[in-house]
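Letters A, B, ... are given to chains in the order of the sequence lines, protein chains preceding strands, and every chain is numbered from 1.
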Protein chains: 2
Amino acid sequence: MRILVVEDDVNLNRQLAEALKEAGYVVDQAFDGEEGHYLGDGEPYDAVILDIGLPEMDGITVLEKWRGAGKAMPVLILTARDRWSDKVAGIDAGADDYVAKPFHVEEVLARIRALIRRAAGHASSEIVCGPVRLDTKASKATVDGVQLKLTSHEFRLLSYLMHHMGQAVSRTELVEHMYDQDFDRDSNTIEVFVGRLRKKIGNDLIETVRGLGYRMQPPGAAPADKSGKS
Amino acid sequence: MRILVVEDDVNLNRQLAEALKEAGYVVDQAFDGEEGHYLGDGEPYDAVILDIGLPEMDGITVLEKWRGAGKAMPVLILTARDRWSDKVAGIDAGADDYVAKPFHVEEVLARIRALIRRAAGHASSEIVCGPVRLDTKASKATVDGVQLKLTSHEFRLLSYLMHHMGQAVSRTELVEHMYDQDFDRDSNTIEVFVGRLRKKIGNDLIETVRGLGYRMQPPGAAPADKSGKS
DNA sequence: CTTCGACCACGAGAATGCGCATGAATGACT
DNA sequence: AGTCATTCATGCGCATTCTCGTGGTCGAAG
């Protein structure tokens, strides 16, 4: 999962970014409205944390521009505690949630989790697929109750697949959500990680869709194929 | 749009209900956890406003029960301003948003609007034709609920046909949409794929229109019309 | 009604290229 | 210094796709 943090306070920005990375997200940072808008417009984020008071371009404006351009990713805005009119303006501009400053970083993490979860259409903080259980709150995964030992990239891969269960996910999409801006897109890294993951969670769970990418299936979904081969 | 308000403070409950009705929603009211849970479990709401501190059954518990039973409607929880741990707990229990008391009614309305707007975005993109069901988002297709194993070209073909249901689609048109620019137009690949597809989804669904191309038809619509075309 | 030409279905073999495993090289963290 | 995660390159196996050839079906004209 890839997240953009737009916040001009350098300390706060770093603080957030570190907490998010700690929790297993990939994080891009922007320090003014201009830069934030540019990144959010060009890169595919799973969520954005956006400060309202920003140099160069106001947070609300940034948000409106994104929404106007059809960007639909969940956005969490940061406002001063006493400016409740900002919150309403922000929400009407298309924000999905807000947190008032000063805040507990923990709270922001919970909100982000909730936003990502909701964007993927899941109600609870645990996502289950057959024997695999992903705990987004604790950033852990288990198979048949046994905890998996995953590297950070393996976890991000699994997480992304499970948040998009049933969908076929392209290699490019995976790369874009598992890495930040600059990454050499021509390589077979993803395939390697898929291989490794399969070795850990069992081969049948991640299905490869030739020419398209990979797909994780909800539980009893694909029993047999009809008159094809296998 | 139908909304459930679960709040034990009679005044507050009425205040919310009136504002919501004013805004054009249909509103049901519950005044304790038990009643709230019962209604939310049995009736189809587009959104729920749920207080955390409730007699009979705690709001978090109510929410967990709903989510455990597969209810996925958006839920906005109300908490006391100083209990931020409640918010985190609530969000992790599956709440989609929260508002801290005391709040401006206007703000609650904005949130509800946002929640409903967002929930509408989760409609699955499916096209159905008789027993065949095509899910473009997941890149998969089922016949009578059984998942098909299609290669990427077969899928593209089916997809194009189903997107133009009822129309006769020429071979050239198909070629142009299934391949990029230059492709040897003198080849019978399309016929081969149509054959393969028919074998997988059943022969009656793709009708051949001699001299023109192929057509997919919802069943029973125009059973093998001999005397002309549409 | 018959015949002819064009169009279509289908099977089987051949070529293409995708995806996977593997192992070595690089980099990060302790 | 050593371990572990990550990245990259290579070659093989096989699903997929394409070509080709034969036989069948349809429609129109004589």
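- Note: CZ (A/F155) to P (D/dA5) measures 16 Å, nearest angstrom.
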Using atom names, set out every protein N or O paired with an N or O of nucleotides 15-19 of chain C below 3.5 Å, distance rounded to 0.1 Å.
residue: C/dC18; atom: O2; partner: A/R210; partner atom: NH2; Å: 3.0
residue: C/dG19; atom: OP1; partner: A/R171; partner atom: NH2; Å: 3.0
residue: C/dG19; atom: OP1; partner: A/G211; partner atom: N; Å: 2.7
residue: C/dG19; atom: OP2; partner: A/R171; partner atom: NH2; Å: 3.0

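- For the pair B/R198/B/T208, a side-chain contact is recorded, criterion being any heavy-atom separation below 4.5 Å from C-beta on.
- Rounded to whole Å, the distance from NZ on A/K200 to P on D/dC4 is 12 Å.
- Counting only heavy atoms from C-beta outward, the side chains of B/E207 and B/M216 never approach each other to under 4.5 Å.
- The shortest side-chain heavy-atom distance between A/R171 and A/E191 falls under the 4.5 Å cut-off.
- Atom CZ in B/F193 sits roughly 7 Å away from atom C1' in D/dT16 (whole-Å rounding).
- One atom, CD1 of B/I190, and another, C1' of C/dC7, lie 16 Å apart when rounded to the nearest Å.
- Dashed line: the shortest gap from a side-chain N or O of B/S152 to OP1 or OP2 of D/dT16 is not under 4.0 Å.
- Note on A/T151: every side-chain N or O is 4.0 Å or more away from OP1 and OP2 of D/dC4.
- Under 4.0 angstrom from either OP1 or OP2 of D/dC4 there lies no side-chain N or O belonging to A/K149.
- A distance-only check finds no donor-acceptor pair linking the side chain of B/W66 to the backbone of B/A72 [under 3.5 Å].
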| task | Could you give me the CA-CA distance, side-chain angles and deciding distance for A/R117 and A/E126, then say whether salt bridge (charged side-chain N to carboxylate O under 4.0 Å, His left out) is met? | result | CA-CA 9 Å; A/R117 182 179 81 208; A/E126 283 198 342; over 6 Å; no
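- The closest side-chain heavy-atom distance from A/L16 to A/F103 is below 4.5 Å.
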| Worked verdict on B/K140 versus B/D135 for salt bridge (charged side-chain N to carboxylate O under 4.0 Å, His left out) | CA-CA 5 Å; B/K140 66 185 180 188; B/D135 186 336; 5.8 Å; no
| request: Please report the C-alpha distance between A/R2 and A/E176 in whole Å, then the side-chain angles of each, then the deciding distance to 0.1 Å, and finally whether the salt bridge (charged side-chain N to carboxylate O under 4.0 Å, His left out) criterion is met. | output: CA-CA 8 Å; A/R2 189 167 159 199; A/E176 281 172 347; over 6 Å; no
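- The OH-C1' distance, from A/Y179 to D/dC8, rounds to 12 Å in whole Å.
- Looking only at distances, a side-chain donor or acceptor of A/H164 sits under 3.5 Å from a matching main-chain atom of A/Y160.
- The listed nucleotides are D/dT17, D/dT19, D/dT10; the one nearest the side chain of B/N188 is D/dT19.
- Rounded to whole Å, atom C1' of D/dT17 lies 7 Å from atom CZ of B/R196.
- With rounding to whole Å, A/D180 atom CG is found 14 Å from D/dT6 atom P.
- In this structure, A/V192 reaches the bases: a heavy-atom distance under 4.0 Å links it to at least one base atom across the strands shown.
- Remark: C1' of C/dA9 and CG of B/L197 are 14 Å apart, rounded to the nearest angstrom.
- Terminal axes of the helix from C/dC1-D/dG30 to C/dT30-D/dA1 (five pairs each, C1' rotation axis) are separated by 30°, to the nearest 10°.
- Residue A/K199 has its side chain nearest to C/dT22 when only D/dC20, D/dT16, C/dT22 are considered.
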